[in-house]
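Values reported hereafter were calculated over all heavy atoms of this structure, with side chains retained and with hydrogens, waters and symmetry mates removed.
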Amino acid sequence: MGMIDGSSDSRYHRRTPGPRTAHRARPSLEAPLRGSVTALAAATLLFPLLGAAPSDAGSSENGLQSAFASAAAEYHVPQSVLLGVSYLQSRWDSHQGAPSVTGGYGPMHLTDARTALAETPPHHSEGSEDARGDSARAPLLPKAKLPEPARIPARLRTLPKAAELTGLSAQRLRTDPAANVAGGAALLAAAQQELGEPLSSDPAEWYGAVARFAGADDSAAGAAYANDVYDVMRTGQERHTDAGQLVALAAHPGLSPDAGQLRRAGLRKPGAAETECPPTVSCEWIPAPYEEFGDSDYGNHDLGNRPASQKIENIVIHDTEGAWEGVLEMVQDPTYVSWQYSLRSTDGHIAQHVKAKDVAWHAGNWYINAKSIGLEHEGFLAKPDAWYTEAMYRSSARLVTYLAKKYDIPLDRQHILGHDTVPGPTSSTIGGMHTDPGPYWDWRHYFELLGRPLVPTAGPNGGLVTIRPDYATNRPAFTGCVSAGRPCADHGSSAVRLYSGPGESYPLVKDIGLGSAPTTGVNDLSSRVSTGQQYAVAGRDGDWTAIWYLGQKAWFKNPATKPTAVHAAGLVVTPKDGVKSVPVYGRAYPEASAYPSGVPAQAVSPLPYTLPAGQRYVVGAKVPGEYYYAVSFDTASHRVVTGKDMYYEIQFGHRVAYVRAADVRELSSGS
C-alpha cells in the first residue's frame, strides 16, 4: 500500500487548509472488515458422496501425478481438467499444508477461511513504521473480529463442502495432497452435475464447472478463470512442485470447450461498464470517491488528463495487506487513499477504482503517483506460505501487458515497479517507504507471463547483470515475518543478499539513507537486490560478483554452476569527467524558473546518497523534470509544470532514483 510522502506535495493524506505540512494518519488496511461481508457466493454444491477415499500421494517423484490420475478416475473428471484447474490455483504446489492468502489449502486450493484465520498467528514486519514502513501486519482477518461463518463468502469455504462430498476429514483435506486433489475432483464433479451436464470424459464439456470452481460471482470472472484453465490445457505444463514431485499436463492444442455452458451457470452479469481492462480478464467498476469535505479538504485522488497532460511512465505493483472485502471498503472511503486496480487472489478478478487519466494516491511519492498506475494484489508480504495464486498472477500480467501497450510503458523492472522500489522523495521519507510486494513475489514467473522472460542479452563482457535466481531453490534467510528476530519460514524468493566483500563472512552492505545497521529483516531493503533488476558489474572474485549499489561496491554469490544473475548490456550513466560525485534525487522536479505564477516552486532536494566518479548505474529512462500541481478540489487550478532540466531514472539501490542529465554522461555498458 501507499504511504505518506512527507513533503509539501504529498498525496497520501487527507487535505487540510493552509500550509500543506499536516498529514492524515495512515489508516490500517489490516484493520477488521467493517460492515457486512459482500455475499460473493457461488451456488452451494449439495450432492451425495461421489467416491471413496483417495490413495496417498506417496513420496515417489511422480506420486502426485498418480494422485491426479486416481482422483480423476474415482470422480469421473477428465485428468486434464483436474490438472489444469490445480495448476491455475497453485501450480500443483502443496505449500506444506500452509494456507494461502485467502485461506486455501493444497494443490487444489480448497478454501477454509475460518480455520486458516484461527490457526494463523498474527505477524508483523521487523522494525517500526518509521523504520521500514510496514509494521504490525495482522492476519487475513483479526481473530477477535471474525465474521460469522454464514457471512464468509462461498469462495472462501470450499473445503468444508469437499469434506461433505468425499467423506474425508477437513484436516486430511488440508494436509494430504492426494486427499486435497480428490476433494477438488469431487467439487468439479458436483458442479458438473448441478449444471445438468454429464460426467463426460471429454474435457471440452467441463467449461461451466471449471468456471464455477474458484467461486466467481459473475459470468465474466467465471469465463476469465475457465479460459485460463483451458489455455493451460491447450499449451501443456510440466514442473517439479515445491515437494519435489514431477507433474505434467500434456498439451491439447486443438481443445475447444463448450463456452455456452456458462449461460447455465447462474452467475450474475458483470458490471464492466466504465472499466479500462483487456477483454481477457474479469473486471468491474467500483469507483473510488472524489469528494470535497469543505475547508479546502478533499479525497481520495486527483482528477487529471493523462496521458495528454503527462506521460504515464510506471506501473506500481503492491500487495494489499488485507482481505478483498476490506480492501474494497477502504478504497471507497473518501478519507482514505486510492489506487487504480485491485486484484483478487482466488480467481484473479479485477476491480478498477480510478481512471488511468486520474492520479491515485498510492506510492508515497507524488512524482511517481503523478506518472504511474497502481495495482493492489490481495496478499501479505510477510507470509511466505500464503501464496499468490496463478490465477492472480496471470490476470495481473494480462492487465499490465494491456496497460503497457496502451501507454507505451516498457516491460522492465525500472518501469514495472514494486512498491518496494519506489524511492523516498526526500531524505526524511526514506525510512518510511513501503516494502511490498516483498521478497516472495515471483518476479521471474511474472515477467514470463508478461511475455518478457528474463534472459541473457550479452556475453560476459556486456558490463551488466540481470538478477535472476531460481525462485524455488533461492532461499535467503529472513526474519520478522511473525515476530521481531524470529526466522521466517524457509521459502523460495526473488531476493538476493548483498555483502561488502566476496563472501558471507563480510558484513552486509549498508544503506546510509536508512541510517541503521542492515539486518535480515523481511522488510529491510538495505542489502538486497531483486529478480529482474539490472546493475553494472564492478568486479568478480571466484563465485562472487560485485555491482555498483548505493554509491558502493556490493557483492553477491553468483556461481557458474548455479547462477543468480545473467549477463546483460545496455546504457549506463557515470559522472561527467572531472566531477568527484553527483547528487541523487528521489523525484525529478523542474528547475525553479519553470514554475508559472501562482504555482509554488518545489524544492529539488537531493537524497543523502551520491553517485561517485568511476561508478556506473543502469538507465531506465530519460525524462523531463515535471510537477503536477493539484492542491484543491477545483481542477481549474491544476497545472502540469515541465522544466528544461532532464533526468535519468537509474537503478541505484534496491529502489530506483534520479540524476540530472547535466551532471552525468551516458555510455554503453560494454565500453
Rounded to the nearest 0.5 Å, what separates atom [atom1] in [X] from atom [atom2] in [Y]?
X: S309; Y: R639; atom1: OG; atom2: CZ; value: 12.5 Å
X: D302; Y: N369; atom1: CG; atom2: CG; value: 9.0 Å
X: E276; Y: I350; atom1: CD; atom2: CD1; value: 12.5 Å
X: T520; Y: R497; atom1: OG1; atom2: CZ; value: 5.5 Å
X: R413; Y: T466; atom1: CZ; atom2: OG1; value: 11.5 Å

Have a look at H638 and tell me which of F633, Y629, Y628, Y627 forms a ring-ring contact (aromatic ring centres under 6.0 Å, His included) with it.
Y628

Give a yes or no answer on whether the side chain of [X] reaches the backbone of [Y] with a donor-acceptor pair at less than 3.5 Å.
X: Q651; Y: G653; answer: yes
X: D319; Y: L381; answer: yes
X: R468; Y: L454; answer: yes
X: H301; Y: D358; answer: no

Are any of the side-chain nitrogens in D645 or R660 under 4.0 Å away from the carboxylate oxygens of its partner?
yes

Cationic tip of R616 within the cone over W548's six-membered ring, i.e. under 6.0 Å and within 45° of the normal?
no

For the residue pair K371 and W366, would you count it as a cation-pi contact if the rule is NZ or CZ under 6.0 angstrom from the ring centre and within 45 degrees of the ring axis?
no

Give the intermediate values and the outcome of salt bridge (Lys or Arg N to Asp or Glu O under 4.0 Å) for residues E274 and K355.
CA-CA 9 Å; E274 306 277 344; K355 296 290 188 179; 3.6 Å; yes

Kindly state each residue pair satisfying disulfide bond (SG atoms under 2.5 Å apart) with at least one member in residues 627-666, sequence neighbours excluded.
none

Could you note down all residue pairs passing disulfide bond (SG atoms under 2.5 Å apart) where residues 283-331 supplies at least one of them, sequence neighbours left out?
C277-C283

[X]/[Y] aromatic ring centres below 6.0 Å:
X: Y471; Y: H445; answer: no
X: Y658; Y: Y367; answer: yes
X: H318; Y: H377; answer: no

For the residue pair H434 and H419, does the interplanar ring angle fall in the parallel (under 30°), tilted (30 to 60°) or perpendicular (over 60°) class?
tilted

Relative to the ring of Y446, is the ring of W443 parallel (under 30°), tilted (30 to 60°) or perpendicular (over 60°)?
perpendicular

Examine the side chains of S632 and D634 and answer whether a donor and an acceptor come within less than 3.5 Å of each other.
no

Name the one of V572, T574, I547, L611 that satisfies side chain to side chain contact (heavy atoms under 4.5 Å, CB included) with Y617?
L611

